[in-house]
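In the text below, chain A, chain B and the rest are named by the order of the sequence lines, each starting its count at 1.
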Amino acid sequence: MLDLKWIRENPDALDAALARRKAAPVSAAILDLDKKNRATVTELQSLQGRRNEVSKQIGGVKAKGGDAAPLMAEVAAIKDKMAALEAEGTKLGEEVRQILLTLPNVLQADVPDGADESGNVEVRKWGTPKTLDFAPKDHADLGTALGFMDFNQAAVISGSRFVVLKGALARLERAIAQLMLDTHTEQNGYTEVNPPLLVKDEALLGTGQLPKFADDLFHTTAGHWLIPTAEVSLTNLVAERIVEASELPMRLTAFTPCFRSEAGAAGKDTKGMIRQHQFEKVELVSIVTPEESAAELERMTACAAGILEKLNLPYRVMALCAGDIGFGAQKTYDIEVWLPAQNTYREISSCSNTGEFQARRMNARYRPPGETKGTRFVHTLNGSGLAVGRTLVAVLENYQQADGSIVVPDALRPYMGGLTLIKK
RNA sequence: GGACAGAUGGCCGAGUGGCUUAAGGCGCUGGUUUGCUAAACCAGUGUAUUGGGAAACCGAUACCGAGGGUUCGAAUCCCUCUCUGUCCGCCA
C-alpha cells in the first residue's frame with residue numbers, strides 16, 4: 001500500500017509510476033476523495049469537541065441541582081449532525097482505502113522500461129549448457145518412461161495440472177528440498193519455519209494477493225485460503241507487530257506446498273510439471289530496515305542462485321522490466337535455469353524487494369535504535385530458494401543420459417542414500 | 001463442539017458512568033551526581049487523523065481485542081463477533 005501523504009505531496013509522481021506499469025492515472029480521483037474526507041473529518045471533530053465540552057457542563061450543572069435541559073437540547077442537535085458526518089466520513093475513507101489497496105508498488109528507478117517479458121534485462125549468466133550428443137527429452141517423457149512420474153493417474157485423482165511422483169523421483173524431490181533447506185539454514189543464515197498453509201483474508205491483504213488477485217487462489221468452505229506461496233505465511237510473521245531493531249535482519253525460510261488456481265494460464269505449459277495447481281517450494285523471506293533492503297535483494301538472489309551452482313545447473317539472472325514486475329514489488333530479479341529440452345532458460349526463482357509496501361498493509365514496524373519515539377515500517381523481501389518442482393525438472397533434463405537414465409548430481413547423493421543413477 | 005475466565009500503551013498492571021488529561025511499575029531517552037561501570041535522583045517518553053505554523057512547536061479529535069447499541073456523557077453498562085487461557089468432548 002502506498003502512503004496517502006506521499007500521494008498528496010507527489011500526485012504527478014504517482015501517475016508517472018502507474019504509467020510505467022501501463023496503468024491509468026488515479027491521483028486526481030484520490031485527491032478529490034481525500035479532500036472531501038478531510039473536510040468531513042475536520043467538521044466532525046469540531047462537533048465532537050463541542051459535545052464533550054457541553055457534556056462536561058451538564059455534569060457540573062446537575063451536580064449543583066440546576067436545570068440542564070437547554071444544554072441537553074444543544075447536544076441532541078449536535079448528535080443529529082454528527083451521525084450524518086460520521087457516515088459520510090466512513091464511506092469516503094473506505095473508498096480511499098479501497099483504491100489504495102489496488103495500487104501497485106512504485107518501481108525503483110533502476111528497473112528497466114518494457115511492456116512484457118521481452119523487455120527483461122539479463123544481469124549475469126552462470127555455467128554453460130552441456131552439449132548433448134543425442135536429442136534431449138523433456139522431463140515429462142523422461143519421468144514417465146522411468147515409471148516414476150504419472151500424470152494420467154494424477155488426472156484421475158485430481159484433474160489436470162497435478163502429478164504423482166513415485167520411487168526415486170519422489171525421493172529426489174525430497175532430496176532437493178533438503179539440500180535447499182540445509183544450505184539456507186546452515187550457510188545462509190536463514191531460520192527454518194514450518195508455517196500454516198491455510199490463512200485468513202488479512203494475511204493475503206497484507207502481502208498483496210488480495211483484494212485484486214482472488215481468482216488465482218483456492219478458497220475453502222470454512223473461509224480459509226490456501227497459500228499460493230509461503231511468502232504469505234512467513235511475511236505475516238511480523239504482521240501487526242513492532243519488532244526490536246536487534247531482531248533485524250530477520251531471515252526466514254520454509255519448505256511448503258503452494259496452491260494456485262492458474263485461472264489465467266489456460267493452454268500455457270500444459271505438459272509436464274512446469275505449471276501445477278500444487279507444487280513445492282522453499283521460500284526465502286527477509287525482514288530488514290529500509291537502509292538494508294537494496295543490498296538484501298542482491299544477497300537473497302545470490303543465496304537462491306547458490307543452489308543452482310551446487311547442482312551445477314546453468315542459469316541466468318534477469319532484471320524484470322516495468323511491464324513484467326509483480327504488483328507488490330519495487331524491483332525483482334528472476335533466476336532462470338537452463339532447460340535443454342526447451343532449449344531455453346525458464347524461471348525457477350523470483351526475488352523481490354517490496355520496500356514498505358507489504359509492511360504498511362500489515363502494519364509491521366520496528367523501533368529504530370536511538371530514537372525515543374516513533375516507529376518505522378520494516379522493509380520486506382521474498383524469493384524462491386528455489387521452486388522445488390522446477391528444480392526437479394531441471395535436474396532431470398540436464399542430467400539425462402542417452403538411455404533415459406538420470407545421473408544424480410553430487411550435491412544430492414548424500415540425500416539419496418548414496419544413489420548415483422536413477423534408472424528403470 | 002460445550003462450560004468457565006480473560007483481552008487496557010513497547011511490556012506488566014490499576015481502573016464498576018463525569019476528579020481519567022488511563023494510576024503505578026518496567027523498559028527506553030536526556031540530565032544531575034560520579035575514577036569507569038553500576039546505583040541513586042530529576043525530567044521526558046503511545047498511535048492515528050486533523051487544524052495552525054517556514055520550522056521547532058502549539059491545538060483538536062479518535063483509539064482500552066473488533067463491530068454495533070444504551071446515555072447529555074462509556075475503558076466502565078448491553079448485544080454480536082474474534083482471539084487467548086483452563087477444563088470437558090471429539091480427533092491424526
Taking [M] as the reference, what is the distance to [N] when you measure between their [atom1] atoms (whole Å, please)?
| N | M | atom1 | value |
| --- | --- | --- | --- |
| rA14(B) | rG25(B) | C1' | 11 Å |
| rG13(B) | rG17(B) | C1' | 23 Å |
| rC19(B) | rC36(B) | C1' | 48 Å |
| rC11(B) | rA74(B) | C1' | 26 Å |
| rA54(B) | rG46(B) | P | 26 Å |
| rG2(B) | rG89(B) | P | 16 Å |
| rU76(B) | rG68(B) | P | 14 Å |
| rG10(B) | rG85(B) | P | 22 Å |

Exceeds 12 heavy-atom contacts within 6.0 angstrom, atom NZ of Lys212(A) =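 Count over threshold, so yes.
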
Please check if atom CD in Glu309(A) has more than 12 non-hydrogen atoms from other residues, nucleotides or ligands closer than 6.0 Å.
-> yes

Taking the side chain as every heavy atom from C-beta outward, state whether Val388(A) and Met180(A) have any pair of such atoms under 4.5 Å apart.
-> yes

Could you list the donor-acceptor pairs under 3.5 angstrom formed by side chains in residues 412-424 of chain A, with sequence neighbours left out?
{"from": "Arg413(A)", "atom 1": "NE", "to": "Val408(A)", "atom 2": "O", "distance (Å)": "2.8"}
{"from": "Arg413(A)", "atom 1": "NH1", "to": "Asp410(A)", "atom 2": "OD1", "distance (Å)": "3.4"}
{"from": "Arg413(A)", "atom 1": "NH2", "to": "Val408(A)", "atom 2": "O", "distance (Å)": "2.9"}
{"from": "Tyr415(A)", "atom 1": "OH", "to": "Asp182(A)", "atom 2": "OD2", "distance (Å)": "2.7"}

By a strict heavy-atom criterion of less than 4.0 Å, which residues belonging to residues 37-55 of chain A are in contact with RNA chain B?
-> Arg38(A), Val41(A), Thr42(A), Gln45(A), Gln48(A), Gly49(A), Arg51(A), Asn52(A), Ser55(A)

RNA chain B-proximal residues of residues 75-100 of chain A, any heavy atom under 4.0 Å |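 The answer is Val75(A), Lys79(A).
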
All stems with RNA chain B, defined as three or more consecutive Watson-Crick or G-U pairs under 3.5 Å = B:1-7 with B:82-88, B:10-12 with B:24-26, B:27-32 with B:40-45, B:46-52 with B:57-63, B:65-69 with B:77-81

Glu291(A) and Arg376(A) ion-paired at < 4.0 Å |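 Looking at Glu291(A) and Arg376(A), the cut-off is met.
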
Hey, are Glu262(A) and Arg161(A) close enough for a salt bridge, meaning a charged N less than 4.0 Å from a carboxylate O?
-> no

Can you give me every donor-acceptor pair (side chain of residues 42-54 of chain A, partner residue at least two apart or in another chain, under 3.5 Å) with its distance?
{"from": "Thr42(A)", "atom 1": "OG1", "to": "Arg38(A)", "atom 2": "O", "distance (Å)": "2.7"}
{"from": "Ser46(A)", "atom 1": "OG", "to": "Glu43(A)", "atom 2": "O", "distance (Å)": "3.0"}
{"from": "Arg50(A)", "atom 1": "NE", "to": "Glu74(A)", "atom 2": "OE2", "distance (Å)": "2.7"}
{"from": "Arg50(A)", "atom 1": "NH1", "to": "Glu53(A)", "atom 2": "OE2", "distance (Å)": "3.3"}
{"from": "Arg50(A)", "atom 1": "NH2", "to": "Glu74(A)", "atom 2": "OE1", "distance (Å)": "3.1"}
{"from": "Arg50(A)", "atom 1": "NH2", "to": "Glu74(A)", "atom 2": "OE2", "distance (Å)": "3.0"}
{"from": "Asn52(A)", "atom 1": "ND2", "to": "Gln48(A)", "atom 2": "O", "distance (Å)": "3.4"}

Along RNA chain B (nearest heavy atom to each residue), the more 5'-positioned of Asp34(A) and Ile58(A) =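 Checking each residue's closest nucleotide, the 5'-ward one belongs to Asp34(A).
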
Atom pairs, N/O to N/O, protein against nucleotides 9-13 of chain B, distance under 3.5 Å?
{"from": "rG10(B)", "atom 1": "O4'", "to": "Arg367(A)", "atom 2": "NH2", "distance (Å)": "2.8"}

